[in-house]
Every structure is written in C-alpha cells, then in structure tokens.
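Just so you know, ligand 1 is whichever comes first in the structure, and atom 1 is the first atom listed for that ligand. From a predicted model like this one, the values you see are computed outputs, not experimental measurements. Just the heavy atoms: all of them, side chains too, but no hydrogens, waters or symmetry mates, feed the values below.
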Amino acid sequence: MSDEPRPDHPPRTAAVIPAAGRGVRLGPGAPKALRSLGGTPMLIHAVRAMAQSRAVSLVVVVAPPDGATEVKNLLAEHALPGDAPGSGWAGADLLVVPGGDTRQESVSRGLDALPDWVTDVLVHDAARPLVPVETVDSVIEAVRDGAPAVVPAMPLADTVKEVEPAPDGAPEPVVATPERSRLRAVQTPQGFDRDTLVRAHREVRVGGEGATDDAGMVERLGVPVVLVPGHEEAFKVTRPLDLVLAEAVLARRRATDGY
Ligand code: C5P
C-alpha cells in the first residue's frame, strides 16, 4: 500500500517533534527541549526550523508528559514563520500532545495525533534546533519523489570501533573496526511516507530503550531507506559542549543574516 502512487491526494507534510526527553547528559535542569539557546528555548528553534519550510503544513510537538501546558504557552509566546501579517503565507498549524517513556513511544503518540490528510511525515528531534531549511526541504523532496524513507546523513570524522561494552570505565575489548568510508552519522528530520512509518511503529518491537532512530524501524520492515546529504549545523545538542557550539552558530547567524 505504502509505495502505490496516490494521484488523488496532493502530498501534505506534517513534522512530528519528539521533545519529551529529560536530557540528563546535558546536566541537571529543565527538560532539554525547554532549555534556552540564544535566549529562546531549544524547542522553539526546532519548531521554527520545521515551520520555515513552506512544504510543512502541520507541526506536532510531543511534550514532556507533565509539560504539555507549559509547551503550549511557550509556543503561543513566540512568533513562528508565516505569522507576519500580509505575508500571504498561513504558516504551519501546531498541535501539542503528551509524550511517553521512550523516544519511540513519544513519536508513536505524535503519529496517533495526525489528521487524515497528512501523506508524508518528518520526525525531527527537538535536540537538533539549528537544522537549515534547505536540509528539511531536500528530505521532503526525496519523499515526494517516491522514497518511502529518507535520512539526512554525514560522513564520520572519527574512526568507529565496535566493542563489548564494559561498566564503569573499565577497558572494553574491541570486536570490530568497520571501514569508515562506508559509515554515516544520521541526523533528523527523517522523512517518511506516512503509511510506512505508521506500519513500522505498529509492527516493529524494539527492546531496551526502544528505537533511537525511526528509519531503523522501517529497515526492519524490509522497506528501503535512502540517505541524502545532511548538514553540520543539524548536530544534536546532547552534552554541555554542544550548547557552546550551538550558541556560536546562532551568534554567527545573527551577525551575518539577522536570523
Ligand atoms: O535522548 P535523545 O537525545 O536521543 O533524544 C532525542 C529526542 O527524543 C529529543 O528531542 C528528546 O526530547 C526526545 N525524547 C522524547 N521522549 C522520550 C525520550 C526522548 O520525546 N521519552
């Protein structure tokens, strides 16, 4: 069903933003998505990054389970692309739903909230607030051109080792060294034909902390996943040093293009 053309339905894209994580690796404090970057919560940057694409008709924010009201208030306080009167552009609609215990559950709850008219879905981490709109548009374009699952990705700078994990900083035996030129680090937004992603979330069971990557679930269905070039500014804000880098990127954008 998922790869049949649907000529009677024009493509309409929604972006689901899982933002329900605690962000413990960033240190103590508010949920990661609500922490400030350049004076504005990280989540607002992420929502703006999605809404900046004219192809995105709806943004679904998956809020911390006890933070849906706070998130709604935040969204109401901050201007979004398309808000400017007389711009001739209605911008994207917004929905806020409560998240779950794992990223995978949070994304599922976002998918459950999608209206019928949505044909394509982006899933974008709130923790990647600075992804450029060109990356968002290139993912959407590849999905609309017929790819059921599209992931922005970057080559790796570091060589990667597979290990037998050991606890508490103990030396870890190396199991393998994959060839670096064949590896990519994946980013978001990941783009999907809606039916394919919904089927993956319904059928694929992942143990432990759940899936950290939606495309990985689609792979398990046997559906092909393709990569398009990612962007270095689409990095994930995970550790304290990432915040320093994100502030520097924002400061440069403000200085050069009045962002
Ligand atoms: O923890 P990690 O950095 O992999 O989280 C990626 C994204 O998933 C973040 O935007 C985070 O807010 C979100 N998440 C979520 N619900 C959870 C855990 C993580 O929405 N229970």
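Of all heavy-atom pairs between P18 and S106, the closest is CB-CB, 4.4 Å. Across all their heavy atoms, Q104 and V206 have their closest contact at OE1-CB, 3.7 Å. Taking both residues in full, the closest heavy atoms of E172 and A166 are given as OE2-N, 3.0 Å, listed atom of the first, atom of the second, then distance.
Protein residues are said to neighbour a ligand when one of their heavy atoms lies under 4.0 Å from it; for ligand 1 these are P18, A19, A20, G21, R25, K32, G100, D101, T102, R103, S106, D125, A126, A127, K236.
Between R180 and V160, every side-chain heavy-atom pair lies at or beyond the 4.5 Å cut-off.
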Given T40 and R48, is the side chain to side chain donor-acceptor pair (under 3.5 Å) satisfied, shown in steps?
CA-CA 11 Å; T40 304; R48 285 179 177 159; 4.6 Å; no

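With D125 as reference, R103 is the one residue of K236, Q187, K32, R103 to meet the side chain to side chain donor-acceptor pair (under 3.5 Å) rule.
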